[in-house]
Amino acid sequence: MAGLEVSIGSLRLRNPVLLASGCVGYGEEIAQFVDLSALGGIVVKGLYMSPRIGNPPPRIWETPSGMLNSIGLQGIGIHRFVRERLPALRQGGATVIVNVCGETDEEYEQVTRVCDEADGIHATELNISCPNIQENGRCPGMSQEHTYSLISRVRKASSKPLIVKLSPNVTDVAAIATSAEQGGADAVSLINTVLGMSIDTETGETRTATGMGGLSGPAIRPIAVRMVYQVSHAVRIPVIGIGGICDARDAIEFFMAGASAVQVGTANFMNPVASMEVLAGIKSYLARKGKKLNEIIGTCQIGRVQESEPG
Amino acid sequence: MAGLEVSIGSLRLRNPVLLASGCVGYGEEIAQFVDLSALGGIVVKGLYMSPRIGNPPPRIWETPSGMLNSIGLQGIGIHRFVRERLPALRQGGATVIVNVCGETDEEYEQVTRVCDEADGIHATELNISCPNIQENGRCPGMSQEHTYSLISRVRKASSKPLIVKLSPNVTDVAAIATSAEQGGADAVSLINTVLGMSIDTETGETRTATGMGGLSGPAIRPIAVRMVYQVSHAVRIPVIGIGGICDARDAIEFFMAGASAVQVGTANFMNPVASMEVLAGIKSYLARKGKKLNEIIGTCQIGRVQESEPG
Amino acid sequence: MAHYMRGMVTAVRPVKEYVRLSIKAERIAEEMQPGQFAMISAGTEPLLPRPFSIAHVDRGVLSFIFQDVGRGTGMLASLRVGDSVRLLGPLGKPFRVDVGDRPVMVAGGRGIAPFFELARRLSGRSPLLFYGGRTQAQIIETGFFVRLCSEIIVSTEDGGMGHKGFITEPFAEYLAKSTPPVIYACGPHAMLRRVAEIAGSVPTELSMEARMACGYGICIGCVIPTGREGYRRVCLDGPVFSGDEIRWQDLK
Amino acid sequence: MAHYMRGMVTAVRPVKEYVRLSIKAERIAEEMQPGQFAMISAGTEPLLPRPFSIAHVDRGVLSFIFQDVGRGTGMLASLRVGDSVRLLGPLGKPFRVDVGDRPVMVAGGRGIAPFFELARRLSGRSPLLFYGGRTQAQIIETGFFVRLCSEIIVSTEDGGMGHKGFITEPFAEYLAKSTPPVIYACGPHAMLRRVAEIAGSVPTELSMEARMACGYGICIGCVIPTGREGYRRVCLDGPVFSGDEIRWQDLK
Ligand SMILES: Cc1cc2nc3c(=O)[nH]c(=O)nc-3n(C[C@H](O)[C@H](O)[C@H](O)COP(=O)(O)OP(=O)(O)OC[C@H]3O[C@@H](n4cnc5c(N)ncnc54)[C@H](O)[C@@H]3O)c2cc1C
Ligand SMILES: Cc1cc2nc3c(=O)[nH]c(=O)nc-3n(C[C@H](O)[C@H](O)[C@H](O)COP(=O)(O)OP(=O)(O)OC[C@H]3O[C@@H](n4cnc5c(N)ncnc54)[C@H](O)[C@@H]3O)c2cc1C
Ligand SMILES: Cc1cc2nc3c(=O)[nH]c(=O)nc-3n(C[C@H](O)[C@H](O)[C@H](O)COP(=O)(O)O)c2cc1C
Ligand SMILES: Cc1cc2nc3c(=O)[nH]c(=O)nc-3n(C[C@H](O)[C@H](O)[C@H](O)COP(=O)(O)O)c2cc1C
Ligand code: FES
Ligand code: FES
């Protein structure tokens, strides 16, 4: 399809619709419904060096137009992924991006090295933003300094395209994005889940066993669109928009806000073919408007600022 | 009603249900539906020294389970408020809290001084968190230093209870709350709206004329509950919970997370008697459970942390 | 005084391009005056209620005529007899009805809604109705108006019914020869603006629209720019405004 | 292989404390095996689909029996004939049916659902049904099972029907004397745990519940603690588990 390709560093994506990390496992199950080779790519569930058991249940709770999760990065570890799951993805023709996790900077680097060496992994997405892994929901992505030092370090470990996934749980997401860019990121993706909590008022127990969880889904879309807008005005590298995307119109909001590509996450839970519908809808939108994808990126217009209050 | 009173500094609220700033104007219109003297209090729309015209329309947009607003603090200024609107509120027996705005620290102090001198204003709520007033949505409430210096200054200007209203658009809301406490706040209230944006994909225009807007309503409730939980573990002063409260169950979530009182905002738009329903529901919940309000505050239990992933 | 109450759906039926929805809600019906509206919610989704002009009032039943343009109106269109909805109304400043003879009403598309009750109240005064739509599917049967109005002029942009063109054209022709005591208008902003221009010094009563959150004055979300007092709330200070109050150039 | 498709509601009716919902969805009906479930969404609210055991399959129509306990089930209970819903199914690991004679089924409350189809498949093997509820309102007519089962034992906690007490009591008595080839059970976790204890070394096929987001294995949200492999997904690795796989002490 002409006019839909997107470049992330040296990687050329077929089209701008990817599957978001943690929302499609390692791709096996969703491959029943979706031709992975027809999408821009799949970002697999976050991986550490070793397998992780994840958090105890209950792990999910539905909230108004959203959901909380505290999966806790359950996973099989990067080595088993490469051995056991990557072959099927390669065979299916998927563009594979690994969501890289680490408890330490060193572990981020190690996982990235493994990805760098594995054929069939096209890029890595550094998950510096998972709120589940460190005390009180903190993560490297909450500090400019840590983001910069971590990315610089990981950058040296890899010749493949490096995407940095940003946390929304920060005061100034554009500043963190800038640090990631300066550290050598080829792209930033955002947003990861927003830290949230819900309580069962009958028992007093939190709805997810770990107390806090990550909020995703349509509820957070306006936050994500805002952050993509802010970040795309602050960096020159491509921005990948994520957050509550359910249909093509949602995706186009992100393009207009400044994203070059999007990821579909929670929507896969409601509708296994959501990503295909998003892609088809983008194509027909562009056809109807007679535009190429890159002609709509960042085109949103702020209403009438001239009259507005200061700021 | 025994067992429902709440103290905020020297102020004793009848009960823990207040009306949130910006969501009930100056109280006149909602007084058709709600007996203001039966509620814990009303926080009137944010006021500066002088009248403000506010932002151009469109000012509102509905989002999944929420809404964006860019009202821009349209208001009549503190002096006209005291002269023209306060008398009716006093006559109605309302506990009146003024949401204090300022473009500069000096203005915050000036407005607070006027409130301090006006009979019938029971407390002030410092709006250090309105995302509409300063460049790129920034506000004093985004920095610990600015919060501390502003509150210390305003504290000296007022002998009435001082509530500080926190912004959710920060990395560490508990740290900001601590700064407010150290500066001399009698209570903190949270959350103000979350910065968001939405775009009309047909025209490319942002859905509110100023581009970004404040997200409120049920969509943000999980974020608010989480922040109340974090803040109430960090400060000793009372915490007032705000964000998407539509019914008593929602309010009780906030109490269990650590709030001593709550404010009802966006729900007033959907249901003019929402605050009364929240109050009635809290009473029947407490009666059913045989508990006093203060026996449920902060009682939420984190599921089973022992087994969880680090963090 | 507005009431917040439940009402029961007594009828839902398509009327050309529109849906006519009838809801039993006695207290609102009793107090309603032409030009007022109600906020309607059918559930928890969408979050906010939606504003609609009260078109008809009959034995405690309110009728609305609306276009299905999105989530809220789609939800209302799928209601069935017996369903319960939440209503807030009557709301807003009504049309002035203490006027002289041969007042003029100008309706564009779904803007016909408030004129049913208005025509009834004005019937002793021989009102005229100018009624335009894009196509004939936007022109509801005018039988109701025939007994109440002295003249009815219809137009469609495609000429499928009545005059071909905008309704403001025959309206302008009429105004060139006559001076009505007042001009009422309801329809798209572009039409209202044109009506105000054509009206010149004749008083206008224009029913404006804006996105609303609350509908009763507390959110200040529904403002339009006016000359005298800056931004004013369509829900409480309107929806009826005089054309010369509005700063048309600043209106989107 | 699971299908994601639209289905049309063909019947909705109350059955004692439950609702029986029938939906035409041929492809799912054709492939469904007893113990499998489907995810159902009736609109955009709630956001996530809800999981329900497929109770009956008849000429392309799936029937579900569910309790209205919240938003999702409330929405389904308010569906009407002709409405369209989205379905994903059949999902999950079914019950083993290649078993010996006189297998036992233990159902608690709404846990009866998957046993309709199971009983049909097992009918040559003279299955027994133990069926308990809190009150008689939780016990659906057992007429269907009479022709398929060799014995039906009913209990209610309040004694309003059948034995008074938990169904695990007559079940334990039976097991003290007999050794069925397999025990199937579906019901509250506390009941399942008790069944697993009573079963001892007899193989169990327990249908577990967990809150689900996706229902097809991609979110890892629905896990339960198992001995062998840690947390396993109820939707894909289950819902049917052997009792000795589950770490009951860690199950909430
Ligand atoms: C006082 C008043 C009286 C009205 N009376 C009638 C009436 O009698 N009949 C009728 O058909 N409509 C009437 N409207 C318009 C009606 O309220 C909107 O069409 C409706 O709110 C759209 O809701 P939705 O959820 O279906 O659309 P959405 O999904 O919210 O939006 C669909 C499209 O409609 C636009 N829209 C949304 N809300 C409004 C609004 N309040 N005004 C104008 N455009 C809007 C959006 O920008 C979007 O382009 C009236 C509006 C007002 C303010
Ligand atoms: C494989 C499977 C098969 C099922 N089959 C049936 C069936 O045949 N008939 C039937 O009545 N129910 C069945 N359930 C349970 C059913 O899915 C839940 O009752 C339903 O999801 C509740 O949705 P709700 O929106 O109405 O409740 P909510 O408003 O979401 O919650 C109401 C209450 O139900 C609890 N709850 C929510 N989801 C679940 C869940 N998935 N499992 C258990 N409790 C839950 C909540 O904690 C809350 O206390 C099954 C569940 C699973 C996992
Ligand atoms: C159940 C679940 C698991 C997730 N796991 C990961 C993960 O492992 N790594 C990661 O970077 N993001 C993870 N995310 C975040 C998503 O990739 C995405 O950033 C977020 O959910 C917002 O997008 P959405 O609203 O479309 O889901 C997870 C989200 C969900 C809902
Ligand atoms: C239309 C609107 C106007 C608001 N104006 C103010 C304001 O003037 N001052 C302030 O501190 N908060 C203001 N808020 C924030 C609310 O007081 C509240 O903190 C926020 O909306 C979250 O609560 P809710 O979800 O219950 O509305 C406003 C919110 C809305 C929706
Ligand atoms: S809609 Fe809220 S003030 Fe008009
Ligand atoms: S519900 Fe998503 S993995 Fe089971």
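Chain identifiers are assigned alphabetically (A, B, ...) following the order of the sequence lines, protein sequences preceding nucleic acid strands; residue numbering begins at 1 within each chain.
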Contacting region of A:Phe255 [heavy-atom separation from chain B under 4.5 Å]: neither
Exercise: identify the closest heavy-atom pair between B:Glu253 and A:Thr201: N-CG2, 3.6 Å
Neighbour count >12 (heavy atoms, 6.0 Å) for atom OH, A:Tyr285: yes
NZ (A:Lys289) with more than 12 external heavy atoms under 6.0 Å: yes
Toward chain B, the part of A:Arg288 with a non-hydrogen atom under 4.5 Å: side chain
Presence of salt bridge, A:Arg249 and B:Glu202, under 4.0 angstrom: no
Under 4.5 Å from any heavy atom of chain B - which part of A:Ile223: both
Side-chain heavy atoms of B:Gln230 within contact of A:Met212, under 4.5 Å: yes
Short side-chain to backbone donor-acceptor contact, B:Ser65 and A:Ala219, under 3.5 Å: no
Which portion of A:Thr63 sits near chain B, non-hydrogen atoms under 4.5 angstrom: side chain
Partners passing side-chain contact (heavy atoms from CB on, under 4.5 Å) against A:Gln301 (at least two apart in sequence or in another chain): B:Glu205
Minimum side-chain heavy-atom gap B:Ile199-A:Val225 below 4.5 Å: yes
Which atoms of A:Asp250 approach chain B - backbone, side chain, both or neither, heavy atom under 4.5 Å: neither
Smallest separation among heavy atoms of A:Ile302 and B:Gly211, with atom names: CD1-CA, 3.4 Å
Stepwise side chain to side chain contact (heavy atoms under 4.5 Å, CB included) test for A:Ile220 and B:Leu215: CA-CA 9 Å; A:Ile220 65 167; B:Leu215 185 64; over 6 Å; no
Side chain to side chain, B:Pro222 and A:Met197, heavy atoms closer than 4.5 Å: no
Considering all heavy atoms, the nearest A:Arg226-B:Asn169 contact: NH2-OD1, 3.7 Å
